[in-house]
Amino acid sequence: MTTVKLPDGSLKEFDSTVSVKDVAKSIGSRLAKDALWGEIDLQPVELDYEIPEGAPVNLKIITKKDPNALATMRHSCAHVMARAVMRIKPGVQLAFGPTIDGGFYYDVECDEPLTEEDFPAIEKEMAKIIALDEPFERLDRPRAEAIQVCKDLSQDFKVEHIETGLADDESLSFYQQGEFLDLCRGPHIPSPRRIGAFKLLSIAGAYWKGDQSREQLQRLYATAFFTQAELDAHLELLEEAKKRDHRVLGKRLGLFHIDEMVGQGLVLWTPKGSFVRQKLQDFISEHLQRQGYDQVFTPHIGKLDLYKTSGHFPYYQDSQYTPLVDREYLSQLAEEGCTCGELSNLMNEGEIEGYLLKPMNCPHHIRLFASEQRSYRDLPIRLSEFGTVYRWEQSGEIGGLTRVRGFTQDDAHLFVTQEQLGQELIGCIELVKIIFGAMGMEDYTVRVGLRDPDSSKYVGDPGNWDLAEQACREAAQTLGKDFSEDPGEAAFYGPKIDFVVKDCIGRKWQLGTVQVDYNLPERFGLEYIGSDNKPHRPIMIHRAPFGSMERFIGVLIEHFAGSFPLWLAPEQGRILTVSDKSEEYGKRVESQMRNAGIRVKGDYRSEKLGAKIRDGQLEMIPYMMIVGPRDAENGTVSIRDRIDGDLGAIPVEKAIAKFQSEIADKTVRRKSS
RNA sequence: GCUGCUGUAGCUCAGUGGUAGAGCGCGUCCUUGGUAAGGACGAGGUCAUGGGUUCAAAUCCCAUCAGCAGCUCCA
């Protein structure tokens, strides 16, 4: 008699010996078909495993749907990959080899570095190992013995990891497959046969334990699926994602250019890209006006003293462009025989005079606030600016529009009383909501950064911090969306709310941010006169709902895959003539449309219509208006919609009305697929 | 900043130790057509930059710059 207990608690009894597969069959044919392997008392077993008779055993049948099934298989595949590398390359030191979204990696260190040319050999060896079909066997060893095992294997990273990262573990588990033995928490699939299809993807450097001061390892990225079809689909998805990369689309659609001669991370906006950017600025400006913001302009540089007061110089000097040293000060230094080395030292110590390219806008806005005496009756004061700032980002970090060295924040600084803080934060969140809503972007995450209760690095009164954190939480709640609360993620000067989205290849980027600041008002000694006729210190809110125009548009290009909604499209419509005979009518329609405020161009080349349509389609033109003799006769245009294709002939006035209403509504139309 | 890869025509890319190729785009001409590529001809490149090896370098080596992936960082 065999008895199994299923995860739902139900018991199943069998008269004779049964395998896992038999149990699955007894539950349902679908389950029997989908079953990958079983788990008895959390240990993976093959489907043909004969369940021992006697006392009831806990059995779980694992299918593809099991959230851990794929990860378990991939991790086993990582072991196979590491084993294959060890067979091919001498002196391989293993570090970590976890599963990640979309695959897995293994960090290794070899005597001679791996290159992508080694991939075919590694994959071949992996296939061999899988064909051997040796099981993954778990071995548990007490601490001291485990360390000795790793020492015997000359696996220094594993020894270190047991001694530091796993310092509290009394017993450690290993998994063995053939000659390959690795410290591993498990679990693993019962046999390598379950590895359906795998592929090595790329190789990159990674620091041991993520520490820049430690050894740099080679990280071998790979992926695996249960079937070849799934792997192929995944690879195709990666290819598709590359096509919507904003750097690719930006070039193809002529939206921006980054020029080697101008400098790394410095964006040149083409007329088309500038148009999109301007439209977005107009859009947000309109809402700022409604919310009672005042727009200001401030220069791109400021005296070093300004940033010494704010604390940004020299403390954050590494992430700023080198200061512009004051002319007279520089010649004075030269006369004194100052060497370059000495000048550099003076800079490091912050002991120089001159100007800084502004790395942020707040000090300028603060000085505007301080330029007049303020009463509590004036508050809140909301100063906004599309302010361009410059930061010396690490060269390896720069790329596309998402990480640049010069960028324009849709910045504003609100000077508020403690009582006003909550309401103003809600107003800031409202703006973010309006923007994401207008773009149809729902796939973003919200993080509320709170202070780390164990740290003393924070400035400001703890009681006020509690109030501000609570205000941030309440403001975040008004989004009607889940948000995470991250202790320790607050800036040292105040709590914050961040908005994060993913790009086409899954990288996360912070867009909007709302931050409370107790620090700068203090450093600049800001005051307003309260109703008690005494000076009080205002609280500052920094906020940028887009984050930066560059990053936001980068993400937006990928979000729309280059197909901007009509109101944002640089070229909203294009007149296509069927032949040269319709050019005159085409030009008449073109000017009629333009007079109605529609941004149109004409394609009067002597190409065939099919070619013109193809070009327009590839350029993501929202509406193509085909004009031929029939249209000229009837006063119509034959509309071809970017999404829905041929809409037939309609009178020009009706087409204009249709476009105008779509523009006014800021309609976001997506291909329904 | 670190590791690896890459840099050839406006774009996408092929190519080999012996004086440079394709497709697209561009120009001219032919074609006058109704919903995703009509045809012919032509122009266009110090093969990223600077060194080195060699009789000979775009090709091999080194450095620099830039791009890509990842790591680290991001007030």
Side-chain angles (χ1 to χ4, degrees), chain A residues 100 105 107 109 113-118 201-221 242 245 247-248 251-252 254 257-265 307 310-313 315-320 359-360 362-363 389 391-400 402-405 407 491-494 496 505 507 509-510 513 515 517 519-520 542 547-548 551 576-583 604-619 624-631 637-642 644-649:
Chain A
I100 49 173
Y105 67 77
D107 283 349
E109 192 183 55
L114 290 165
T115 70
E116 292 196 8
E117 284 168 22
D118 296 315
L201 298 175
S202 63
I203 199 162
Y207 302 103
W208 167 237
K209 298 217 166 179
D211 183 345
Q212 206 171 352
S213 66
R214 298 294 308 266
E215 296 87 337
Q216 186 153 19
L217 313 168
Q218 288 193 292
R219 180 166 295 178
L220 216 45
Y221 283 91
K242 271 190 207 160
D245 187 318
R247 291 164 297 190
V248 175
K251 185 173 266 182
R252 212 187 86 207
H257 170 66
I258 295 167
D259 193 274
E260 225 178 281
M261 216 172 191
V262 174
Q264 219 188 349
Y307 299 102
S310 72
H312 293 115
F313 188 85
Y315 189 61
Y316 291 111
Q317 206 182 329
D318 286 348
S319 44
Q320 289 158 186
M360 75 295 300
C362 9
V389 298
R391 299 181 186 179
W392 189 259
E393 302 289 355
Q394 293 188 52
S395 63
E397 265 309 327
I398 294 171
T402 40
R403 193 81 181 260
V404 291
R405 280 187 173 157
F407 55 96
F492 73 92
Y493 49 75
K496 59 177 183 171
I505 52 176
R507 288 182 293 210
W509 297 102
Q510 180 190 310
T513 183
Q515 309 185 354
D517 189 345
N519 176 47
L520 286 176
H542 310 250
S548 81
R551 183 175 288 180
L576 312 186
T577 45
V578 169
S579 76
D580 293 351
K581 289 175 192 139
S582 308
E583 183 167 343
Y604 305 120
R605 296 174 300 163
S606 61
E607 286 291 344
K608 287 178 81 166
L609 183 59
K612 294 187 188 182
I613 287 173
R614 183 182 143 84
D615 290 344
Q617 202 73 30
L618 291 175
E619 284 176 60
M624 284 178 259
M625 284 151 286
I626 290 143
V627 295
R630 290 208 295 270
D631 296 290
V637 289
S638 301
I639 298 186
R640 185 187 163 99
D641 177 38
R642 174 180 61 194
D644 295 328
D646 192 358
L647 299 184

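Side chains included, hydrogens not; waters and symmetry mates left out as well; all remaining heavy atoms used. Throughout, a chain's letter reflects where its sequence line sits, starting with A, and its residues are numbered from 1.
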Return the polar atom pairs (N/O with N/O) between nucleotides 30-37 of chain B and the protein under 3.5 Å, or none.
unit_1, atom_1, unit_2, atom_2, d
B/U31, O4, A/Ser606, OG, 3.0
B/U32, O2', A/Lys581, NZ, 2.7
B/U32, O2, A/Asp580, N, 2.8
B/U32, N3, A/Asp580, OD2, 2.7
B/U32, O4, A/Asp580, OD2, 2.5
B/G33, N7, A/Val578, O, 2.6
B/G34, O6, A/Pro629, N, 3.1
B/G34, O6, A/Arg630, N, 2.7
B/G34, N1, A/Asp631, OD2, 2.8
B/G34, N2, A/Asp631, OD2, 2.8
B/G34, N2, A/Ser638, OG, 2.5
B/U35, O2', A/Arg640, NH1, 3.2
B/U35, O2, A/Arg640, NH1, 3.2
B/A36, N7, A/Arg640, NH2, 3.3
B/A37, N7, A/Arg614, NH1, 3.4
B/A37, N6, A/Arg614, NH2, 2.6
B/A37, N1, A/Arg614, NH2, 2.5
B/A37, N3, A/Arg614, NE, 3.4

A/Arg640 meets the salt bridge (Lys or Arg N to Asp or Glu O under 4.0 Å) criterion, sequence neighbours left out, with none
By ring-ring contact (aromatic ring centres under 6.0 Å, His included), A/Tyr221 pairs with (sequence neighbours left out) A/Tyr105
Against the side chain of A/Ile203, the closest entry in B/A75, B/G4, B/G1 is B/G4
Would you classify A/Ile505 as touching base, sugar-phosphate or nothing, given that sugar-phosphate means primed atoms plus P, OP1 and OP2, and contacts are heavy atoms under 4.0 Å? sugar-phosphate
Among B/G67, B/G70, B/C73, the one nearest any side-chain atom of A/Arg403 is B/C73
A/Arg247 atom CZ is separated from B/A66 atom C1', nearest whole Å, by 14 Å
Taken to the nearest whole Å, CZ/A/Arg219 to C1'/B/C5 is 17 Å
*asked:* What verdict does the side chain to side chain donor-acceptor pair (under 3.5 Å) test give for A/Ser582 and A/Asp631, after you've listed the backbone C-alpha separation in whole Å, the side-chain angles of each residue and the deciding distance to 0.1 Å?
replied: CA-CA 9 Å; A/Ser582 308; A/Asp631 296 290; over 6 Å; no
Read 5' to 3' with Watson-Crick or G-U pairs under 3.5 Å, [ ] for crossing pairs and | for partners on another strand, RNA chain B gives ((((((((.[[[[.)..(..]]]].(((((.......))))).....[[[[[..)....]]]]])))))))....
| task | Could you measure between the two P atoms, the one in B/A56 and the one in B/U19, and give it in whole Å? | result | 15 Å
| query | So, is A/Ser395 close to the B/G1 phosphate, meaning a side-chain N or O under 4.0 Å from OP1 or OP2? | reply | yes
Any protein N or O atoms within reach of nucleotides 6-12 of chain B? Criterion: under 3.5 Å, listing atom names and distances.
none

A/Ile398 CD1 to B/C65 C1', in whole Å, measures 13 Å
In whole angstroms, the gap separating C1' of B/U3 from CZ of A/Arg214 amounts to 17 Å
Presence of A/Gln264 side-chain N/O under 4.0 Å of B/G67 phosphate oxygens OP1/OP2: yes
Show, in sequence, the C-alpha distance, side-chain angles and deciding distance for A/Asp245 and A/Arg247, and conclude whether the salt bridge (charged side-chain N to carboxylate O under 4.0 Å, His left out) test is met. CA-CA 5 Å; A/Asp245 187 318; A/Arg247 291 164 297 190; 2.5 Å; yes
Sorted by chain and residue number, the side chain to side chain donor-acceptor pair (under 3.5 Å) partners of A/Arg214 (sequence neighbours excluded) come out as A/Glu160
Sorted by position of nearest nucleotide on RNA chain B, 5' first, the leading residue of A/Glu116 and A/Gly396 is A/Gly396
